[in-house]
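What you see is a predicted model; the values in this text were computed from it and never measured.
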Amino acid sequence: MSVTVIISGAAALVGALLGLGSLISPAWGASVVRLQPMADKPGGWAEFRASYGGGLLLLHGAVLLAIAMREQAGMASVVAAGFAAGAAWLGMAVGRTVSMLADHARHGTRTGYNLFSVGFELVVGLALMAPWLGHIGG
């Protein structure tokens, strides 16, 4: 197994564990992302289990499955799955960065938490994309 696949697999495991944690305990997931369901709109906890739980778990599970089946499905499946999951994380980093620039004066978004989160999202996103980055790099 190549180093890039190991890096991508480790990042996928982190993402899957974050998803599993939110699926099992939506209150934990809510605390991680610093959000709360609205009291006057029922169903908010289902959103944490769905988006932050099942969504993250299965997105990263797909990367782990592609890695596990790379002999049968080929490395293109690993590259594609890792790229897609990594693009989602990079999109989060972009959105958070835009918020820190555009929303800070009104909402105080330039926080240590958001700075850390941008770094974390970049690292996880690029790690998931490691097989693709290795492929385009030669």
Review item, side-chain donor-acceptor pairs of residues 116-138, under 3.5 Å, at least two apart:
from, atom 1, to, atom 2, distance (Å)
Ser117, OG, Tyr113, O, 2.9
Glu121, OE1, Ala93, N, 3.3
Glu121, OE1, Arg96, NE, 3.2
Glu121, OE2, Arg96, NE, 3.1
Glu121, OE2, Arg96, NH2, 2.7

remark   = Residues pairing under salt bridge (Lys or Arg N to Asp or Glu O under 4.0 Å) where one sits in residues 29-42, two or more places apart or in two chains, turn out to be none
query = Partners of Glu47 by salt bridge (Lys or Arg N to Asp or Glu O under 4.0 Å), sequence neighbours excluded?
reply =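 If we apply the salt bridge (Lys or Arg N to Asp or Glu O under 4.0 Å) test to Glu47, skipping adjacent residues, there are no hits.
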Side-chain atoms of residues 59-72: list all donor-acceptor pairs with protein atoms under 3.5 Å, sequence neighbours left out, distances to 0.1 Å.
from, atom 1, to, atom 2, distance (Å)
His60, ND1, Leu56, O, 2.7
His60, NE2, Trp89, NE1, 2.8
Arg70, NH1, Ile67, O, 2.6

Compile the donor-acceptor pairs under 3.5 Å between side chains in residues 13-31 and protein atoms, sequence neighbours left out, one pair per line.
from, atom 1, to, atom 2, distance (Å)
Ser22, OG, Leu18, O, 3.4
Ser25, OG, Trp28, N, 3.2
Ser31, OG, Trp28, O, 2.7

request  = To the nearest 0.5 angstrom, please state how far the OG1 atom of Thr109 sits from the CG atom of Leu101.
outcome  = 8.0 Å
ask   = For Leu35, which residues count as a side chain to side chain contact (heavy atoms under 4.5 Å, CB included) partner, sequence neighbours excluded?
value =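 For Leu35 the side chain to side chain contact (heavy atoms under 4.5 Å, CB included) partners, ignoring immediate neighbours, are Val33, Phe48, Tyr52.
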message = Same cluster or not: Val78 versus Ile6, using hydrophobic residues (I, L, V, M, F, W, Y) connected whenever any side-chain heavy atoms lie under 4.5 Å apart?
response = yes
ask   = What are the two closest heavy atoms between Ala73 and Ser77, and how far apart are they?
value = CB-OG, 3.5 Å
